[in-house]
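Written below as structure tokens is the structure these notes are about.
Everything numeric here is computed off the predicted structure, so don't read it as measured data.
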Amino acid sequence: MAIRNIRTDDDEVLRKKSKEVDVINDKIITLLEDMADTMYEADGVGLAAPQIGILKRLVVIDVGDGLLELINPKIVEQSGEQIELEGCLSLPTIYGDVKRPAYVVVEALNAKGEKIVVEGEDLLARALCHEIDHLDGILFKDRAIKLIDKDELEKKRKR
Ligand code: ZN
């Protein structure tokens, strides 16, 4: 198990486009394992490879229903909309209200190289969109309707 350093804020790597994974070798498997370890350690529900400085199309997600490891994930269908407060391990000082589809269908490969289809509603739909955005250098703050300072939000919640 290895915890990787999470890149934050203005780190340039967060703004780059990630490359498709052609070959699923031991290096990719280890990377997915490290990404999961890093996500759980940081108490996140998702992590994309660029967040640990690696420009490959790899995502891990766990919204409480078990670990999803996605290689070259692509949104192939989406419908509805939801607006919820969103945060990001790479933007530790802000939250924001972001409009996302209420339902998405994602195609990807799993760690065995098998094609999988993941259907997500609500939080899972949001996490899938958020993490796939990272692979294209897009951060939630680019899409946010309103940004909220984390300290301010915590103050409000205490009141
Ligand atoms: Zn994020």
Side-chain angles (χ1 to χ4, degrees), residues 3-22 28 31-32 34-65 67-109 116-157:
I3 307 294
R4 307 273 188 124
N5 189 28
I6 297 177
R7 307 297 186 92
T8 57
D9 299 313
D10 296 327
D11 194 315
E12 274 177 24
V13 77
L14 295 173
R15 290 308 193 171
K16 298 205 167 131
K17 208 171 151 74
S18 293
K19 290 202 177 75
E20 295 240 331
V21 174
D22 296 326
I28 297 293
L31 198 49
L32 284 167
D34 288 356
M35 286 170 62
D37 291 341
T38 306
M39 171 183 75
Y40 288 126
E41 173 76 13
D43 252 335
V45 297
L47 191 79
Q51 293 183 273
I52 55 164
I54 305 218
L55 291 170
K56 291 186 191 302
R57 301 188 82 82
L58 298 171
V59 160
V60 293
I61 290 174
D62 189 343
V63 295
D65 299 328
L67 178 64
L68 281 173
E69 296 172 311
L70 306 176
I71 300 170
N72 302 335
K74 219 179 280 169
I75 295 169
V76 294
E77 209 183 307
Q78 61 180 67
S79 65
E81 63 175 55
Q82 53 167 325
I83 297 173
E84 293 290 341
L85 198 63
E86 201 162 310
C88 178
L89 294 175
S90 291
L91 298 171
T93 61
I94 53 170
Y95 291 112
D97 282 325
V98 186
K99 192 197 278 183
R100 300 284 191 186
Y103 169 81
V104 295
V105 180
V106 169
E107 282 181 6
L109 299 176
I116 53 167
V117 177
V118 180
E119 273 184 289
E121 282 183 288
D122 305 323
L123 179 59
L124 181 55
R126 171 171 300 281
L128 287 162
C129 294
H130 178 118
E131 301 310 331
I132 291 170
D133 269 354
H134 272 301
L135 305 180
D136 294 316
I138 300 165
L139 299 175
F140 85 81
K141 68 177 178 182
D142 307 337
R143 299 192 186 275
I145 297 162
K146 196 174 78 178
L147 286 174
I148 302 155
D149 187 84
K150 215 168 198 169
D151 290 341
E152 251 168 64
L153 189 80
E154 269 149 29
K155 259 187 252 161
K156 257 190 218 161
R157 281 188 173 158

Provide the closest heavy-atom pair for [X] versus [Y] in the form atom of the first, atom of the second, distance.
| X | Y | value |
| --- | --- | --- |
| C129 | V104 | SG-CG1, 3.8 Å |
| V13 | P50 | CG1-O, 3.5 Å |
| A42 | L89 | O-CD2, 3.7 Å |
| H134 | C88 | NE2-SG, 3.4 Å |
| V59 | L32 | O-CD2, 4.3 Å |
| A48 | L135 | CB-CD2, 4.1 Å |

- Take V106 and V76 through the side chain to side chain contact (heavy atoms under 4.5 Å, CB included) test and state the conclusion after the steps. CA-CA 6 Å; V106 169; V76 294; over 6 Å; no

- Message: Is it true that, when you exclude K150 itself, more than 12 heavy atoms of the residues, nucleotides or ligands shown sit nearer than 6.0 Å to its NZ?
- Response: yes

- Task: Starting from the C-alpha separation in whole Å, work towards a yes-or-no answer on side chain to side chain contact (heavy atoms under 4.5 Å, CB included) for I52 and L31.
- Result: CA-CA 10 Å; I52 55 164; L31 198 49; 4.0 Å; yes

- Item | Residues Q51, L14; criterion side chain to side chain contact (heavy atoms under 4.5 Å, CB included); working and verdict | CA-CA 6 Å; Q51 293 183 273; L14 295 173; 4.2 Å; yes

To the nearest 0.5 angstrom, please state how far the [atom1] atom of [X] sits from the [atom2] atom of [Y].
| X | Y | atom1 | atom2 | result |
| --- | --- | --- | --- | --- |
| R57 | K17 | CZ | NZ | 5.0 Å |
| K19 | I54 | NZ | CD1 | 12.5 Å |
| I3 | M35 | CD1 | CE | 12.5 Å |
| Y95 | E154 | OH | CD | 5.5 Å |
| I94 | L153 | CD1 | CG | 12.0 Å |
| L85 | K146 | CG | NZ | 9.0 Å |

Hey, is the main chain of [Y] close enough, under 3.5 Å, to the side chain of [X] for a donor-acceptor pair?
| X | Y | answer |
| --- | --- | --- |
| N72 | E20 | no |
| D136 | I138 | no |
| E81 | R100 | no |
| D142 | L139 | yes |
| R15 | G137 | yes |

Is there a side-chain contact between [X] and [Y], using heavy atoms and a 4.5 Å cut-off?
| X | Y | result |
| --- | --- | --- |
| D9 | L91 | yes |
| D133 | R143 | yes |
| K56 | I28 | yes |

- Message: Apply side chain to side chain contact (heavy atoms under 4.5 Å, CB included) to residues E131 and L68 and explain how you reach the verdict.
- Response: CA-CA 12 Å; E131 301 310 331; L68 281 173; over 6 Å; no

Let me have the donor-acceptor pairs involving side chains of residues 121-128, under 3.5 Å, with sequence neighbours excluded, atom names and distances please.
| residue | atom | partner | partner atom | Å |
| --- | --- | --- | --- | --- |
| R126 | NH1 | E86 | OE1 | 2.3 |
| R126 | NH1 | V98 | O | 3.4 |
| R126 | NH2 | V98 | O | 3.2 |

- Query: Among pairs that include at least one residue of residues 38-47, which meet side-chain hydrogen bond (donor to acceptor under 3.5 Å, both in side chains), considering only residues two or more places apart or in two chains?
  - Reply: Y40-D62

